[in-house]
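We count residues from 1, following the sequence as given.
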Amino acid sequence: MRKELGDLNDTQVIDQLLAVDGLTLIDVGCGAGRASQALVERGAAVLGVEPDPVQAAKNRAAPEVSGLRFAEAEATSLPAADGSMDGVFFFRSLHHVPITDMDAALAEAARVVKPNGGFIYVVEPAMTGRHFPGMRPFNDETIVRTAAQAALAQAADNLGMDLSTYGYVRYPRYADFEAMVEQVTGHTFIDIARENVETDEVRALFEAGQRDGDDYVFSQPMLLNLFRFGG
């Protein structure tokens with residue numbers, strides 16, 4: 001049964017469930033490395049893996065951070081030896097893996113984690129809350145998110161790992177509509193045209209968002225699957 005953790009951000013959930021100080025970790029689909037850096041700040045040594053060549057080049061050019069390395073690689077071909085890592089993280093990245101490769105990506109994560117106590121930590125956005133309907137008109141991820149959950153549902157048996165499941169709710173916030181447009185069209189790993197976002201439908205959905213001071217805030221329920229090898 002999925003345990004509900006309440007209203008928390010990603011790092012608060014990590015702090016509640018894991019002690020990462022001293023661990024060696026991989027962040028798969030790391031993007032610009034914000035989650036990777038949060039793990040480093042908690043004492044981990046992190047390899048941020050990003051398949052998008054544009055973002056990967058930006059990562060290589062960024063100022064060095066002690067304890068953080070970057071690599072350009074696919075989720076199905078992680079640059080790590082068998083059983084060499086304490087854990088592998090997927091922060092909202094599994095559904096960006098091609099559907100036909102999702103099972104292989106999880107198997108690859110299992111390959112690189114230690115057979116005694118190694119873990120795979122997979123966070124995926126649910127298709128509930130106020131955030132998903134606002135994004136759906138220009139970036140409908142229904143099919144890929146459904147496929148990711150299907151892959152996760154059978155992964156524990158496929159990988160021979162123990163599974164714990166959790167839910168929590170994070171709250172993306174934007175200063176205004178333009179800030180949201182800039183953010184969703186600013187990624188190179190997914191091509192979202194500005195004209196598909198700047199529509200009356202999307203603006204109306206955005207304006208219906210909850211206000212917190214001057215910001216617009218949208219609930220985004222998250223589904224967390226934490227796989228572990230015994231030991």
Side-chain angles (χ1 to χ4, degrees), residues 1-50 59 62-71 73 75 78-97 105-126 148-149 151-153 155-172 220-231:
M1 179 176 293
R2 192 176 297 276
K3 181 179 180 180
E4 297 299 327
L5 302 177
D7 295 347
L8 298 170
N9 62 39
D10 294 330
T11 53
Q12 288 171 329
V13 174
I14 293 169
D15 291 341
Q16 189 170 135
L17 298 180
L18 295 172
V20 300
D21 186 21
L23 300 187
T24 302
L25 308 171
I26 294 180
D27 179 10
V28 179
C30 66
R34 285 187 291 273
S36 300
Q37 293 189 46
L39 293 169
V40 168
E41 289 168 1
R42 284 156 176 76
V46 180
L47 173 63
V49 174
E50 174 55 45
N59 292 345
E64 290 189 8
V65 174
S66 179
L68 176 58
R69 298 181 296 117
F70 288 109
L78 298 177
D82 294 1
S84 61
M85 311 301 293
D86 292 298
V88 174
F89 286 81
F90 292 78
F91 287 104
R92 290 177 291 282
S93 58
L94 182 62
H95 68 277
H96 291 295
V97 174
L106 292 170
E108 176 70 350
R111 176 189 70 80
V112 304
V113 299
K114 295 176 180 178
N116 295 316
F119 66 86
I120 306 172
Y121 185 108
V122 186
V123 178
E124 279 289 302
Q149 291 305 313
L152 290 166
D157 288 337
N158 289 349
L159 304 176
M161 303 180 78
D162 298 326
L163 172 63
S164 300
T165 59
Y166 305 89
Y168 62 100
V169 183
R170 63 191 292 270
Y171 290 86
Q220 186 180 53
M222 308 304 297
L223 306 174
L224 166 59
N225 285 40
L226 179 55
F227 302 89
R228 289 184 183 274
F229 281 124

R34 atom CZ: more than 12 heavy-atom contacts under 6.0 Å:
no
Interatomic distance, CZ@F229 vs CE@M161, rounded to 0.5 Å, equals 4.5 Å
Tell me whether D10 is salt-bridged to R92, with the criterion being a basic N under 4.0 Å from an acidic carboxylate O. yes
Nearest heavy-atom approach of S36 to C30 is OG-CB, 3.7 Å
query = N59 side chain to G31 main-chain N or O, any donor-acceptor pair under 3.5 Å?
reply = yes
In short, A73 meets P79 closest at the heavy-atom pair CB-CD, 3.9 Å
List the steps and the verdict of side-chain contact (heavy atoms from CB on, under 4.5 Å) for Q220 and V169. CA-CA 6 Å; Q220 186 180 53; V169 183; 5.8 Å; no
* Would you call D21-R42 a salt bridge at under 4.0 Å N-O? -> no
Quiz prompt | Any V28 side-chain heavy atom under 4.5 Å of V88 side chain | solution = yes
**Asked** Can we call the ring centroids of F89 and F119 under 6.0 Å apart?
**Response** yes
* **Any side-chain heavy-atom pair of S84 and K114 under 4.5 Å** => no
Looking only at heavy atoms, the pair that brings F70 and A32 closest together is CZ-O, 4.3 Å
Value for CG (L94) from CD (Q149), rounded to nearest 0.5 Å, stands at 8.5 Å
Look at R111 together with D82 and state whether they make a salt bridge at an N to O cut-off of under 4.0 Å.
-> yes
On a heavy-atom basis, the closest approach of A109 and I120 is CB-CD1, 3.7 Å
**Request:** Before giving the answer on side-chain contact (heavy atoms from CB on, under 4.5 Å), spell out for T165 and L223 the whole-Å C-alpha distance, their side-chain angles and the decisive distance to 0.1 Å.
**Result:** CA-CA 7 Å; T165 59; L223 306 174; over 6 Å; no
CE (M1) and OG (S164) are apart, to the nearest 0.5 Å, by 13.5 Å
Is there a side-chain contact (heavy atoms from CB on, under 4.5 Å) between L39 and T11? Walk through the geometry before answering.
CA-CA 8 Å; L39 293 169; T11 53; over 6 Å; no
Note to self: Pair F90, V123 - check side-chain contact (heavy atoms from CB on, under 4.5 Å), show working.
What the structure shows: CA-CA 6 Å; F90 292 78; V123 178; over 6 Å; no
* Asked: Got Y121 and L224 here, is their nearest side-chain heavy-atom distance under 4.5 Å?
  -> yes
d(M85 CE, L23 CG) to nearest 0.5 Å is 9.5 Å
### Query
V20 versus L25: any side-chain heavy-atom pair under 4.5 Å?
yes
Contact between E124 and H95 at the side-chain level, heavy atoms closer than 4.5 Å - yes or no?
yes
> Do L163 and N225 touch side chain to side chain, with heavy atoms closer than 4.5 Å?
Replying inline: yes
Close side-chain approach of V46 to I26, heavy-atom, < 4.5 Å: no
**Request:** Please check if the side chain of D86 supplies one atom and the backbone of T24 the other of a donor-acceptor pair under 3.5 Å.
**Result:** yes
- Kindly indicate whether the side chain of F227, heavy atoms from C-beta on, has any atom under 4.5 Å from the side chain of L152. yes
Closest heavy-atom pair, Q16 versus L5, reported as atoms and distance to 0.1 Å, is OE1-CD2, 3.4 Å
Checklist entry - Just wondering, are more than 12 heavy atoms of other shown residues or ligands nearer than 6.0 Å to CD in E4? => result yes
When rounded to the nearest 0.5 Å, the distance separating CG of L17 from CG of L8 is 9.0 Å
Here the pair of heavy atoms bringing V40 nearest to S66 is CG1-O, 3.2 Å
